[in-house]
Structure formats: C-alpha cells, structure tokens
Amino acid sequence: QVQLVESGGGLVQAGGSLRLSCAASGRTFSNVAMGWFRQAPGEEREFVAAISWRGRTTSYADSVKGRFTISRDNAKNTGYLQMNSLIPEDTAVYYCAARSSATIGSLDSEYNYWGQGTQVTVSS
C-alpha cells in the first residue's frame, strides 16, 4: 500500500504560482510512477502531468504545457507540481496518484493509489 497526502493548494490570483506537494508513505517508493490529476466542479477528472520512477520521462496535458512542471525527490518520497501563470480555468481539486509501474500513464484507471486531493482556486 502507498498512502499519498497532498499539500500546497490554496487561493491565488490569475498569473500567480503555487507548488503542490505529494508525500508518499507505506511500501517502498521504488518503481512507482506518479501523476497529477484534477477535477473541476461538474467536470470529469482529467490528467494533468506524470513522471516516471527515475524522473527521466514526463508527460503533460496540452492545457498546462509550458506552465506546469512535475518533479519528484525519491530520497524524500515526495512528488511536486509547480504551477506558474495560473488561470481561472486551472481551478479544481488536484489529486496526486501513484501506479505500481516505473513508467508513466495518463489514464486514471492506470493508477492504483490516490491522495485525498487539495483545492486550487484561481481568481480573475
């Protein structure tokens, strides 16, 4: 089992930045790819970004490319999502997810473990 806890959400003005963190505990963090998803009110949960176990491969949704950066520190069992140039459309609950594979995935069905989510609100 892997337990995931997100932090770093909050209220920010358009154009601002936030950094989300995802702390993992439980079984070894080895060979576990991580991802970030988000869900806005009334919308389906959508893929945001993913990173492979060693951090060599990343993937981003088109809507966040060039603005968001995913990273991880395996020594700290923590993943991050740096969000810059935020826009109101980024408002959502952001979820950290982990999958029992070293390689990335972009479908939520590919992930085994989920955090409880953290709210990000971008005001115009």
Side-chain angles (χ1 to χ4, degrees):
Q1 285 280 19
V2 176
Q3 289 80 43
L4 303 172
V5 178
E6 302 97 335
S7 61
L11 173 64
V12 64
Q13 288 189 328
S17 298
L18 283 174
R19 188 175 83 153
L20 305 183
S21 297
C22 175
S25 61
R27 57 157 278 188
T28 177
F29 206 46
S30 297
N31 294 315
V32 173
M34 295 186 69
W36 288 92
F37 291 76
R38 67 186 182 186
Q39 187 168 22
E43 302 288 334
E44 297 284 321
R45 186 163 58 190
E46 65 174 1
F47 170 74
V48 176
I51 187 167
S52 61
W53 151 236
R54 297 191 183 277
R56 293 172 182 169
T57 304
T58 58
S59 178
Y60 296 91
D62 288 343
S63 59
V64 307
K65 277 181 183 175
R67 300 189 298 120
F68 291 11
T69 302
I70 189 171
S71 62
R72 63 191 295 164
D73 184 341
N74 290 340
K76 296 182 178 178
N77 285 354
T78 302
Y80 305 96
L81 185 68
Q82 177 67 43
M83 305 186 295
N84 298 329
S85 303
L86 284 161
I87 59 178
E89 289 75 16
D90 294 321
T91 295
V93 177
Y94 282 71
Y95 297 91
C96 171
R99 63 182 297 219
S100 301
S101 170
T103 58
I104 61 175
S106 61
L107 301 177
D108 55 6
S109 59
E110 295 178 297
Y111 288 81
N112 311 94
Y113 308 103
W114 293 84
Q116 82 288 350
T118 185
Q119 177 69 48
V120 171
T121 303
V122 184
S123 63
S124 57

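Predicted, not measured: the structure shown is a model, and the values here were computed from it.
Between Val32 and Ala98, the shortest heavy-atom distance links the atoms CG1-CB, 3.5 Å. Gln116 and Val5 make their closest contact through OE1-CA, 3.8 Å (heavy atoms, listed as atom of the first residue, atom of the second, distance). For Ala40 against Ala92, the heavy-atom pair with the smallest separation is N-CB, 3.8 Å. Closest of all the heavy-atom pairs between Phe47 and Ser59 is CZ-O, 3.7 Å. Of all the heavy atoms in Ile104 and Tyr111, the pair that sits closest is C-OH, 4.5 Å. Minimum heavy-atom separation, Ser52 to Arg56: OG-N, 3.2 Å.
A donor and an acceptor atom, one from each side chain of Arg38 and Tyr94, are located under 3.5 Å apart.
Counting only distance, with no hydrogens or angles, the side chain of Gln1 and the backbone of Gly26 share no donor-acceptor pair below 3.5 Å. Between the Thr91 side chain and the Val122 main chain, a donor and an acceptor come within less than 3.5 Å of each other.
Interatomic distance, Tyr95 OH to Arg45 CZ, rounded to the nearest 0.5 Å: 7.0 Å. Atoms CG and CZ, from Asn84 and Arg19 in turn, are 11.5 Å apart once rounded to the nearest 0.5 Å. Remark: Tyr60 OH to Leu81 CG distance equals 7.5 Å, nearest 0.5 Å. Note that CZ of Arg54 and CZ of Arg72 are 10.5 Å apart. Values are rounded to the nearest 0.5 Å. A distance of 13.0 Å separates CE in Met34 from OH in Tyr113, rounded to the nearest 0.5 Å. For the atom pair Leu20 CG and Gln82 CD, the distance stands at 9.0 Å (nearest 0.5 Å).
With a 4.5 Å cut-off on side-chain heavy atoms, Trp114 and Cys96 do not count as touching. Considering only heavy atoms from C-beta on, Met83 comes within 4.5 Å of Val120 through its side chain.
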Next item on the list: Decide side chain to side chain contact (heavy atoms under 4.5 Å, CB included) for Tyr80 and Cys22; before the verdict, give the C-alpha distance in whole Å, the side-chain angles of both, and the deciding distance to 0.1 Å.
Entry: CA-CA 6 Å; Tyr80 305 96; Cys22 175; over 6 Å; no
Next item on the list: Report the C-alpha separation of Trp53 and Asn74 in whole Å, then their side-chain angles, then the decisive distance to 0.1 Å, and conclude whether the side chain to side chain contact (heavy atoms under 4.5 Å, CB included) test is met.
Entry: CA-CA 8 Å; Trp53 151 236; Asn74 290 340; 3.0 Å; yes
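Cluster membership for Phe37 and Val93, using ILVMFWY side-chain heavy atoms within less than 4.5 angstrom, is shared.
Through direct or indirect side-chain contacts shorter than 4.5 Å among Ile, Leu, Val, Met, Phe, Trp and Tyr, Ile87 is connected to no other residue.
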